[in-house]
Each structure stands twice: as C-alpha cells, then as structure tokens.
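Have a look at the structure below, then the notes.
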Amino acid sequence: MSLVNALCYYTTLSAFPLSLGFEPVVIENVLEGDELRTDLNAVKSRILELGAENILCVHSTTSCFAPRVPDRLEGLAEICAKYDIPHIVNNAYGVQSSKCMHLIQQGARRGRIDAFVQSLDKNFMVPVGGAVVAGFDDSFLEEISKMYPGRASASPSLDVLITLLSLGASGYKNLLTERKELFAYLANELKTLAAKHNERLLDTPQNPISLAMSLKNMNDKGTSAITQLGSMLFTRQVSGARVVPLGTSQTVSGHVFKGFMSHSNDYPCAYLNAASAIGIKKQDIDLFIKRLDKCLRQCRKEKPVEVVASGAPPTTDEEITELTKDLTASLHVEAEDLD
C-alpha cells in the first residue's frame, strides 16, 4: 500500500499524485504463510515519521493478484480516522465479490474510507473505459462529480445501462453466485493439476477472486522457462493467466520495485495466476486446465521447446486442429446462449 505524501500501496502508484508534486511512499507487504498482507505497524510508523499533516491520503486495495490478498481495510480505516487522513480504496474487481464489499463496509463503519473506485469492465462485462466512484459521504461525492468537465464519451455509461437492463437484477445476481461457485471449482481443478506436476496451489484463503500455483520446478531452469510458459499459454488463447518469475526489477518514477509483479521484494517462488471473474463458465475452466496441463508437460521435457523468431513456441498441426475445435465449440455455446 502507499501513503501519498505520501502513503499509496505496493504496485498501486498513480501518476496523478506525481504530476502534482506529491511523493508516493511504498509500504512493503509482509509474508504470512503464502499470503502477502498489510503491514499495519509499518504504516503507523511511516505516518508518525512523515507527520499526518503532510500526507495527502492512504491508498489501499481490495482486489489484487494472489498471493497478495485484500488489504486490512478495517485496520487502515481506523488508522486514517485516528490521524485524520483521507483513505481511498482501489476496488477494481471488488463489486463482484461479497467479501471485498464487506471489507469496505466494515472499514467505513469502524474508521474512515472516503471513496472506493471500481472498474466497469471488470464488474459489469462492458468494454474497457469507465469506472464508478462511490463513497459514504454524499457531499464529498458531489464535489467529485463537479470536477467532471463533461467532455468525455458517454459510451461507458450507455454500455452499463444496456447491460444491466438486459440482465436485470436477478440475472446479475445469478452471475455473482455462479462466479463464486466456479471459483471453488477452479481452485480444486488447479490444486489437482498442481499436484500432478509436483507443484502446489498456494494457500491464499483471503483472496476471493485470484489464485496462484507455484512454479518451483520450472524456476530451476531459469527465468526464460517461466516466461516461455506464459508465451505458450498466450499463443493458445489463454490470455487471462499470467506467470511471475523471480528476480525481476522495474523502476517506476524513481521507485525500484524488486520482484516486480509479485507484490514483494523476494517472494519464495515463481508462480502462475488464474482468476474466477464474473462471466466465467465451467467450460472456460476445463479448457484452461487442459491447455495449462499440456503446456506444463511440454515444458518439463528435457529438451527445451524450440522458439521461433517471434519468441513464441511453434504450433503443431495437431494444436491448430484442437484450437479450431475449441473455437467452434465456444461459438456454438455462445449461439445457444443468444437463442
């Protein structure tokens, strides 16, 4: 998490405070079991060190990639209330998760949460380009709305309106229930697959959307083996999963992030992420597990997979035929849904 100057959280640096001359102060997460969690003591220490009067806001998050889990919103909200510091929550995927929404409600009840922001595309299955800013103080939200110049596209609002009218309240609630049930199914299938390849599903019970599977055995072959797995999945139309190797570093506005993408300077193992988001279907999970299993088996071969000039592994005639069948089946299912 982090203090904007400064407290804004790890990997949630925003260009907005930087452009105004504020300095993001990053607070490293702490490892508890497999989970990366909020270090409340470090937050308090930095506030006392910087002085509460010098801090613009605390920027926390609910939805994130495992093994990071939602921030301890209640504790942060209490700290913000005690030191009179604004608190903004990144709730990108959170609307679809009753757990994330409960954390926000509890934080506001026990302390201070000024606003929480959620993405339209991630929660309402519409094209990328819109967000909802919500909060518990009508006057504060009204001030935010007055800052809008009125020159942006109306498409995001129109897309959400059409989608919600089409689904109806019961339709949307059914999708929320289905997502939650399929999260358990995905976790079980991923756990079984991990054991098959001498890996394990990381234990992150506090994350209600994202899962992570270790890639320790592949990490012994070097970073290139990990990134190759990601490339193999992408060329097989698995675009939602991501692989996180060890030892990567990235500099963002002068801040050096060791272990970039992993929410930690030195997480114990490389891993692969998968998530159960709203709109997911059982056949999506089955197809993902099937393709991941095939890629892992190919990566485990002693002879490395040959990489073509583009950096992607070659696709065989058999795989092309399989992808064609999968696409045809997917289109058939979508056509049935439309009927």
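The first residue of the sequence shown is numbered 1, and numbering continues consecutively from there. Since the model is a prediction, treat every value here as computed from it, not as a measurement.
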Ionic contact status for Lys290 with Asp286, cut-off 4.0 Å: no
Minimum heavy-atom distance between His87 and Ser60, given as atom pair plus value: NE2-OG, 2.7 Å
Backbone of Leu40 reached by a side-chain donor or acceptor of Thr38 within 3.5 Å: no
Any donor-acceptor pair under 3.5 Å from Asn54 side chain to Leu50 backbone: yes
Same apolar cluster (I L V M F W Y, side chains within < 4.5 Å links), Leu292/Leu215: yes
Set of residues satisfying salt bridge (Lys or Arg N to Asp or Glu O under 4.0 Å) with respect to Arg72, sequence neighbours excluded: Glu32
Donor-acceptor pair, side chain of Asn90 and main chain of Ser63, under 3.5 angstrom: no
Check against side-chain contact (heavy atoms from CB on, under 4.5 Å), Val95 and Phe124: CA-CA 9 Å; Val95 175; Phe124 299 101; 4.2 Å; yes
Electrostatic pair Asp71-Arg68, nearest N-O below 4.0 angstrom: yes
Partner set under side chain to side chain donor-acceptor pair (under 3.5 Å) for Lys216, not counting sequence neighbours: none
Side chain proximity check, Leu158 to Ser155, heavy atoms < 4.5 angstrom: no
Shared hydrophobic cluster, Phe65 / Ile280 (ILVMFWY, side-chain heavy atoms < 4.5 Å): no
Flag, side chain of Thr204 to backbone of Pro67, donor-acceptor distance under 3.5 Å: no
Output side-chain donor-acceptor pairs under 3.5 Å for residues 75-84, partner residues at least two apart or in another chain, one line each.
from: Glu78; atom 1: OE2; to: Arg110; atom 2: NE; distance (Å): 2.9
from: Glu78; atom 1: OE2; to: Arg110; atom 2: NH2; distance (Å): 2.7
from: Asp84; atom 1: OD1; to: Arg112; atom 2: NH1; distance (Å): 2.8

Verdict with reasoning, Phe116 to Thr62, per side-chain contact (heavy atoms from CB on, under 4.5 Å): CA-CA 10 Å; Phe116 52 101; Thr62 57; over 6 Å; no
Sequence neighbours excluded - ring-ring contact (aromatic ring centres under 6.0 Å, His included) pairs with any residue from residues 24-49: none
Hydrophobic cluster membership, Leu165 vs Val126, 4.5 Å side-chain cutoff: no
Side-chain (Tyr267) to main-chain (Leu31) donor-acceptor, under 3.5 angstrom: no
Heavy-atom closest contact (Phe136 atom, Ile113 atom, distance): CD1-O, 3.8 Å
Val89 vs Leu73, side-chain contact (heavy atoms from CB on, under 4.5 Å): CA-CA, chis, key distance, verdict: CA-CA 9 Å; Val89 180; Leu73 290 194; 4.2 Å; yes
For Asp284 against Gly279, the heavy-atom pair lying closest together: OD2-O, 4.4 Å
Side-chain touch Ser264/Glu28, heavy atoms, less than 4.5 angstrom: yes
same_hphob_cluster(Leu287, Val238) at 4.5 Å side-chain heavy-atom cutoff: no
Steps toward salt bridge (Lys or Arg N to Asp or Glu O under 4.0 Å) verdict (Asp293, Arg297): CA-CA 6 Å; Asp293 181 33; Arg297 282 190 283 111; 3.6 Å; yes
Side chain to side chain contact (heavy atoms under 4.5 Å, CB included) partners of Lys173, counting only residues at least two apart: none
Salt bridge (Lys or Arg N to Asp or Glu O under 4.0 Å) partners for Glu53, two or more places apart: none
Any Ile285 side-chain heavy atom under 4.5 Å of Leu182 side chain: yes
Test item: Glu142 and Asp137 side chains (from C-beta on) under 4.5 Å apart, heavy atoms: no
Atom OH of Tyr172 with >12 non-hydrogen neighbours under 6.0 angstrom: yes
Least distance between heavy atoms, Leu120 atom then Ala131 atom: CG-N, 3.6 Å
Cationic N near anionic O, under 4.0 Å, Glu178 to Lys281: yes
Gap between atom CG of Asp114 and atom CD1 of Ile85 - 0.5 Å precision: 11.0 Å
Contact check, side chains of Tyr271 and Arg242, non-hydrogen atoms, under 4.5 Å: yes
Polar contact flag, side-chain donor to acceptor under 3.5 angstrom, Asn91-Gln118: yes
Pairwise side-chain contact, Pro86 with Leu56, heavy-atom cut-off 4.5 Å (strictly under): no
Approximate separation, where rounding is to 0.5 Å, of Glu143 CD and Asp138 CG: 12.0 Å
Inter-residue atom distance Asp34.CG - Cys269.SG, 0.5 Å rounding: 7.0 Å
Derivation of the side-chain contact (heavy atoms from CB on, under 4.5 Å) call for Phe257 and Ser249: CA-CA 6 Å; Phe257 289 95; Ser249 180; over 6 Å; no
Check: Gln206 side chain, Glu35 main-chain N or O, donor-acceptor pair, under 3.5 Å: no
Heavy-atom side-chain contact between Leu211 and Asn273 under 4.5 Å: no
Reported CG-to-SG distance for the pair Leu229 and Cys299, which is rounded to 0.5 angstrom: 5.0 Å
ILVMFWY network linking Phe183 to Leu176, side-chain heavy atoms under 4.5 angstrom: no
Donor-acceptor under 3.5 Å (Arg236 side chain, Met232 main chain): yes
N/O donor-acceptor pair under 3.5 Å between Glu199 side chain and Lys191 backbone: no
Atom of Met218, atom of Ala225 and distance for their closest heavy-atom approach: CE-O, 3.1 Å
Distance-minimising heavy-atom pair for Val133 and Leu141: O-CD2, 4.1 Å
Leu36 CG to Cys64 SG distance, which is reported to the nearest 0.5 Å: 9.0 Å
CG on Leu296 to CG on Leu272, rounded to 0.5 Å: 7.5 Å
Side-chain (Ser97) to main-chain (Gly94) donor-acceptor, under 3.5 angstrom: no
Contact check, side chains of Gln96 and Leu175, non-hydrogen atoms, under 4.5 Å: no
Flag, side chain of Arg46 to backbone of Gly51, donor-acceptor distance under 3.5 Å: no
